[in-house]
Every structure is written in structure tokens, then in C-alpha cells.
Engineer: 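Just passing along the structure, written as C-alpha cells.
On a predicted model such as this, the values are computed, not experimentally measured, just so you know. Side chains are part of it too, since the values below use all heavy atoms of this structure and drop only hydrogens, waters and symmetry mates.
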Amino acid sequence: KCGKIRGSGNPAVGFTIPKMWKMLEAKCDFLNRSKLVKEFNEKNFAKKRGIAMIPIRYGVNVWKKTALVSIFKDGTVIVKHGAMQMGQGCNIKIAQCVADVLGSLLEESFPLDRIDFAAFDSHTLSSQTFTGGSTGTEGAAVAAMKACRELVESFKPIRDALKKKASEEASEGKNSTEVTWAAVCAAAEQASLPMSALGHHGGEKSKDKLAYNCYGVGCSEVELDVLPGEV
């Protein structure tokens, strides 16, 4: 469903405020509490109460980010990105995105413990932007995924060759070589393929712009002592 952002005319895609409004109204017992607030105010002179529900819309633009993904011949993956890990969990989220793309090569689950992160700095990857409002994580994740897709495309001929060899060995009654991620990486290294790739998310001024709205609703009940002004 879509609504309209007042004053802008832009469509509010995924507009969930009406649904959340009804949910919160029921959860916080707003109508009954409003009656109780009115009764309280009629009985009290020095103390007054107020209750209100409000909707919230926060527009998000994901700013530019770059990520360098390096794969080693033993299958280890090192990611260097431009977002700051400061307790919000950006590294685990980026690792999940990296695992999803790399796992597509062999159509299998990619273990997260195979992915590590280089220490953050501001001089290896140039032209980075701030980390905040979730956009640092999202921009770096997109950049890392782009780098991983490039590497996956490069590794596909190696994968196909290993699968063909394994099939031929099986048809000849031999013990076929298992086609694993580590085997593909070792073969790619031996074939002198690029083992690193740089991905870039261009941000709000680029063709791959990422922008969306965050919606929320809130309820506050306040009691004011009108004499000292204590809330």
C-alpha cells in the first residue's frame, strides 16, 4: 500500500502507519486512558495530565560506501569496508550479505566463520561517508555484495571445470574429487585469477540510489505539577 507524504506529493511506499496506529491504539488502551486523563484533570487543580499519539516518518538516503573483498586460496574471506563497527552489529550484517552471495556459487550455505574483517581506518578506502542511521551498514553491505558478485562470476568457469572433472571421474568409476569452496579458491589461485574485488555503492546521487521511509507511531502520557513545573 502507498500513502502520500504531505506537502511533497511523493508516494510513501510501504506505508504502514495506519496499521501500526490501530495496533498501538489497542495495545496502549488509548481511548480508555484518554477518559481517565480527562477525569483526573477534572478532579485535580495543581496536577494535570495529557496523553497523545503521534505518527512518525523518517526519510533515509543510503550514502556512498566502498568495500574490498579478498579471497585466499584456503577459502578464507577478508572484507575491508568503510562503515564503522561501534556496537550496532554492522560486521555481522555485512558478513551475512557476503555469505549469501558467495554461497550462490555452489548453491550452499556459506559459513560465517570463514569471513573476517580488516581493521577500520580512513586511509585505505577513499571517499567514504559517515556511519549513522543504519545507512553505513547498508551502503557497505551493498558495496561488499557487488564485489562478491564480481568474484563469483570470475570463479564460475573454475567451478564448472571442477564439476566436469568430478563427473568424468565418477563415470570412470574413480573416486571423484569433491567440489568445495576451498577447492574452487585453490584452483582460482592456481589459475592466477583476481582474488580481490572492489565494490562501490554510489549513494543518493548515483543510479544505484537507495532511499526509503521509516514509519513509526508513539504514545506519551505526561503529568505536570503546575506549581513547581515538575513533569
Side-chain angles (χ1 to χ4, degrees), residues 1-41 48-67 79 81-104 109-110 112 127-149 152 199-224 231:
K1 292 183 178 180
C2 293
K4 287 286 185 179
I5 299 174
R6 182 178 294 181
S8 70
N10 294 324
V13 179
F15 188 64
T16 53
I17 285 180
K19 180 181 179 180
M20 289 191 293
W21 186 274
K22 292 179 181 178
M23 291 173 64
L24 179 64
E25 189 176 53
K27 185 175 181 179
C28 72
D29 196 19
F30 181 76
L31 297 179
N32 185 52
R33 284 169 61 185
S34 297
K35 293 178 182 177
L36 295 176
V37 165
K38 184 178 180 180
E39 292 173 3
F40 180 89
N41 291 339
K48 298 294 181 182
R49 291 177 182 174
I51 186 170
M53 283 177 55
I54 60 167
I56 302 162
R57 180 192 71 86
Y58 179 70
V60 177
N61 282 308
V62 181
W63 294 67
K64 61 182 179 180
K65 280 286 182 287
T66 303
V79 181
H81 60 78
M84 171 61 78
Q85 167 65 45
M86 48 186 167
Q88 83 280 36
C90 75
N91 279 351
I92 187 62
K93 295 172 185 175
I94 294 168
Q96 289 171 328
C97 292
V98 167
D100 185 64
V101 177
L102 296 183
S104 68
S109 178
F110 195 93
L112 293 180
S127 190
Q128 299 299 306
T129 54
F130 64 90
T131 298
S134 298
T135 64
T137 299
E138 293 167 353
V142 170
M145 290 172 75
K146 286 185 175 181
C148 290
R149 290 190 186 105
V152 165
H200 182 70
H201 167 63
E204 64 172 350
K205 297 181 180 179
S206 68
K207 292 181 180 179
D208 56 358
K209 174 180 178 180
L210 290 174
Y212 58 89
N213 291 305
C214 289
Y215 303 109
V217 291
C219 178
S220 295
E221 184 174 348
V222 177
E223 182 176 300
L224 169 68
V231 177

Engineer: Under a 3.5 Å threshold, yes or no: a donor from one side chain and an acceptor from the other, between N91 and H81?
Structural biologist: yes
Engineer: With distance as the sole test, does K65 use its side chain to make a donor-acceptor pair with the main-chain N or O of F130 at under 3.5 Å?
Structural biologist: yes
Engineer: For a quick test of reading the model, state the closest non-hydrogen atom pair linking I17 to I56 and the distance between them.
Structural biologist: CD1-O, 3.6 Å
Engineer: Would you compute the distance between atom CZ of R149 and atom CE of M145 and round it to the nearest 0.5 angstrom?
Structural biologist: 4.5 Å
Engineer: Would you say that C28 contacts R33 through its side chain, given a criterion of any heavy-atom pair below 4.5 Å between the two side chains?
Structural biologist: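 They are in side-chain contact.
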Engineer: Is atom CE of M53 surrounded by more than 12 heavy atoms (other residues, nucleotides or ligands) closer than 6.0 Å?
Structural biologist: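 Yes, because the 6.0 Å sphere around CE of M53 holds more than 12 heavy atoms from other groups.
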Engineer: State, with a plain yes or no, whether a side-chain heavy atom of I54 is found less than 4.5 Å away from one of V217.
Structural biologist: no
Engineer: Can you tell me if Q88 uses its side chain to pair, donor with acceptor, with the backbone of M86 under 3.5 Å?
Structural biologist: yes
Engineer: Can you see which heavy atom on A147 is nearest to which on A67, and at what distance?
Structural biologist: CB-O, 4.2 Å
Engineer: Measuring only between side-chain heavy atoms, which start at C-beta, is V62 closer than 4.5 Å to Y212?
Structural biologist: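 Side-chain contact under 4.5 Å: yes.
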Engineer: At what distance, to the nearest 0.5 angstrom, does CG of L24 lie from CZ of F30?
Structural biologist: 9.0 Å
Engineer: After noting the C-alpha distance and the side-chain angles of E223 and K48, does the key distance pass the side-chain contact (heavy atoms from CB on, under 4.5 Å) rule?
Structural biologist: CA-CA 6 Å; E223 182 176 300; K48 298 294 181 182; over 6 Å; no
Engineer: To the nearest 0.5 Å, what is the distance between OG (S34) and CD (E39)?
Structural biologist: 11.0 Å
Engineer: Go through the side-chain N and O atoms of K64 and S206 and say whether any donor and acceptor fall under 3.5 Å apart.
Structural biologist: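 Absent: no donor and acceptor within the cut-off.
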Engineer: Supply the atom-to-atom distance I51 CD1 to N32 CG, rounded to the nearest 0.5 angstrom.
Structural biologist: 9.5 Å
Engineer: Determine whether K146 and D208 make a side-chain contact, defined as any pair of heavy atoms from C-beta on separated by less than 4.5 Å.
Structural biologist: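 K146 vs D208: side chains touch.
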Engineer: Between L112 and I92, does the side-chain contact (heavy atoms from CB on, under 4.5 Å) criterion hold? Intermediate values first, please.
Structural biologist: CA-CA 8 Å; L112 293 180; I92 187 62; 3.9 Å; yes
Engineer: Can you tell me how far the CG atom of L31 sits from the CG atom of L36, to the nearest 0.5 Å?
Structural biologist: 11.0 Å
Engineer: Side-chain contact, heavy-atom cut-off 4.5 Å: P55 with Y215?
Structural biologist: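 In short, these two side chains do not touch, never coming nearer than 4.5 Å.
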Engineer: Any non-hydrogen side-chain atom of V60 less than 4.5 Å from a side-chain atom of S134?
Structural biologist: no
Engineer: Locate the shortest heavy-atom distance separating N213 from G59; write the atom from each residue and the value.
Structural biologist: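 Result for this residue pair: OD1-CA, 3.7 Å.
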Engineer: A side-chain contact here means heavy atoms from C-beta on lying under 4.5 Å apart; do N61 and K209 qualify?
Structural biologist: yes
Engineer: When you compare the side chain of C90 with that of T131, does any pair of heavy atoms fall below 4.5 Å?
Structural biologist: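 T131 vs C90: side chains apart.
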Engineer: For the atom pair CG (L102) and OG (S109), what is the distance rounded to the nearest 0.5 Å?
Structural biologist: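 L102 atom CG to S109 atom OG measures 11.5 Å (nearest 0.5 Å).
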Engineer: Could you tell me whether a side-chain N or O of N41 sits under 3.5 Å from a main-chain N or O of R49, the two making a donor and an acceptor?
Structural biologist: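 A pair under 3.5 Å: yes.
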Engineer: Provide the closest heavy-atom pair for C148 versus V101 in the form atom of the first, atom of the second, distance.
Structural biologist: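 C148 and V101 have their closest heavy atoms at CB-CG1, 3.5 Å.
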